[in-house]
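Shown next, in structure tokens, is the structure this report addresses.
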Amino acid sequence: MNKKKPEIAQIFLSPPHLTGAEQYFIQQALTSNWIAPLGPHVDAFENEIVDYVGGGEAVAVSSGTAAIHLSLALLNLEPGDKVFCSTLTFIASANPILYERAIPVFIDSEPDSWNMSPQALERALREADQQNTLPKAVIVVNLYGQSAKYAEILALCQHYDITVIEDAAESLGATYKGQASGTFGRFGIYSFNGNKIITTSGGGMLISQDKAAIQKARFLSAQARDPAPYYQHSRVGYNYRLSNILAGIGRGQLETLDERVKKRRTIFATYAQELSALPGVHFMKELEHARSNRWLTALTIEEEQAGLSPGELIAGLATENIEARHVWKPLHLQPLFKDARFYPHEEGRSVSEALFECGLCLPSGSNLSSDDQARVIHAIKRLSHLSGEKRVKSKIG
Ligand SMILES: *Cc1c(COP(=O)(O)O)cnc(C)c1O
């Protein structure tokens, strides 16, 4: 009869990984009837993050995007002000620039870290300086858990006195020269979205050494309510605070962050060991003096040598119920930003476009079992081998 093939379990790119400790904190929130916005878990979660990254002040919010928006809202942008942003990133890095009616300018990647090219940034700043259109902020992204080249980037931004916003949504738990990712800019932001290294199901955090700025962010995140005996508001505010229940989930998750980083690094190392020998395959490097959290294992595959494109590999894996993804499509190539200015790494050479063409991310969740990772590795080897055979045949034939 029509016996159905047993479904092979889906392997996801980066699913949530619960620890068990969340239940305790959620229960506390429920028992104390403190599930509404704010509450003791929110305060504790903020303090624990600050402790983890080695100091500063923090405000917990409803998403990483909200944290980026608040950091820009603190800068009192005027419509038409410029904000520079890494181009190779998720759209959430740049959407808040539009919320503030500012104009994004996109900066290319450099090949070592895949992050913002100091070379391109220098050119963009020099030109902007000449035209008297220096940006109000530079949003620097740490892609897939890897820190950008902060020594160079901070020196440039200091020279022109520009605020740095560090989008560390993907890099919580990573370090650069021993210092925690997210603490390099004047503002740092983390995301606790469901696919990130730790999650509150949805949430984010804004951190800074500037206590007054965080106080202001806290005010803006709760509808900008003036200190008055009635509801009074003098400027636009937002409803961005994190709920006490979700902060409880975050506290449970944070306890295991170091283990999660270790596991994701092991997953990366295993892929690299098993797949580096395939023709045309190169894994994302790790900067010297930096330790990535390896949020996602990212690699490039050169079609000419490998015999298949990232798209073909992703489609091949999908037929085996394995979720792989292209690397982010650069923002300067997005229809939304078609009119935005873009500064390539070198004149005539866009590193981000090349990475988009040949890059992909493999399943990297910290709860990926070694059997499941072996399934992914086996599938990739098989697909690569098949395309190799096809090529040999077409040469002979
Ligand atoms: C996930 C992510 C964000 C946004 O975080 P949310 O919590 O989903 O709003 C911002 N920037 C980058 C680079 C991200 O990966």
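Atoms within each ligand, like the ligands themselves, are counted from 1 in listed order.
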Show which side-chain atoms of residues 124-132 pair as donor or acceptor with protein atoms under 3.5 Å away, not counting sequence neighbours.
residue: E127; atom: OE1; partner: R341; partner atom: NH2; Å: 3.2
residue: E127; atom: OE1; partner: Y343; partner atom: OH; Å: 2.9

Which pairs of nitrogen or oxygen atoms, taken one from ligand 1 and one from the protein, are under 3.5 angstrom apart?
residue: ligand 1; atom: 5 (O); partner: S191; partner atom: OG; Å: 3.2
residue: ligand 1; atom: 7 (O); partner: G64; partner atom: N; Å: 2.7
residue: ligand 1; atom: 7 (O); partner: S191; partner atom: OG; Å: 2.7
residue: ligand 1; atom: 9 (O); partner: G64; partner atom: N; Å: 3.3
residue: ligand 1; atom: 9 (O); partner: T65; partner atom: N; Å: 2.9
residue: ligand 1; atom: 9 (O); partner: T65; partner atom: OG1; Å: 2.5
residue: ligand 1; atom: 11 (N); partner: D167; partner atom: OD1; Å: 3.3
residue: ligand 1; atom: 11 (N); partner: D167; partner atom: OD2; Å: 2.8
residue: ligand 1; atom: 15 (O); partner: E170; partner atom: OE2; Å: 2.6
residue: ligand 1; atom: 15 (O); partner: K196; partner atom: NZ; Å: 3.3

Candidate pair T87 and H332, rule side-chain hydrogen bond (donor to acceptor under 3.5 Å, both in side chains), full reasoning: CA-CA 6 Å; T87 193; H332 72 275; 2.8 Å; yes
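- Remark: H385 NE2 is loosely packed, at most 12 non-hydrogen atoms of other residues, nucleotides or ligands lying under 6.0 Å away.
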Side chains of residues 273-281: which donor-acceptor partners sit under 3.5 Å, not counting sequence neighbours?
residue: E274; atom: OE1; partner: K381; partner atom: NZ; Å: 2.8
residue: S276; atom: OG; partner: A272; partner atom: O; Å: 2.6

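- Between L143 and N115 the shortest heavy-atom distance is N-OD1, 2.9 Å.
- With sequence neighbours excluded, no residue satisfies ring pair (Phe, Tyr, Trp, His ring centres under 6.0 Å) with F84.
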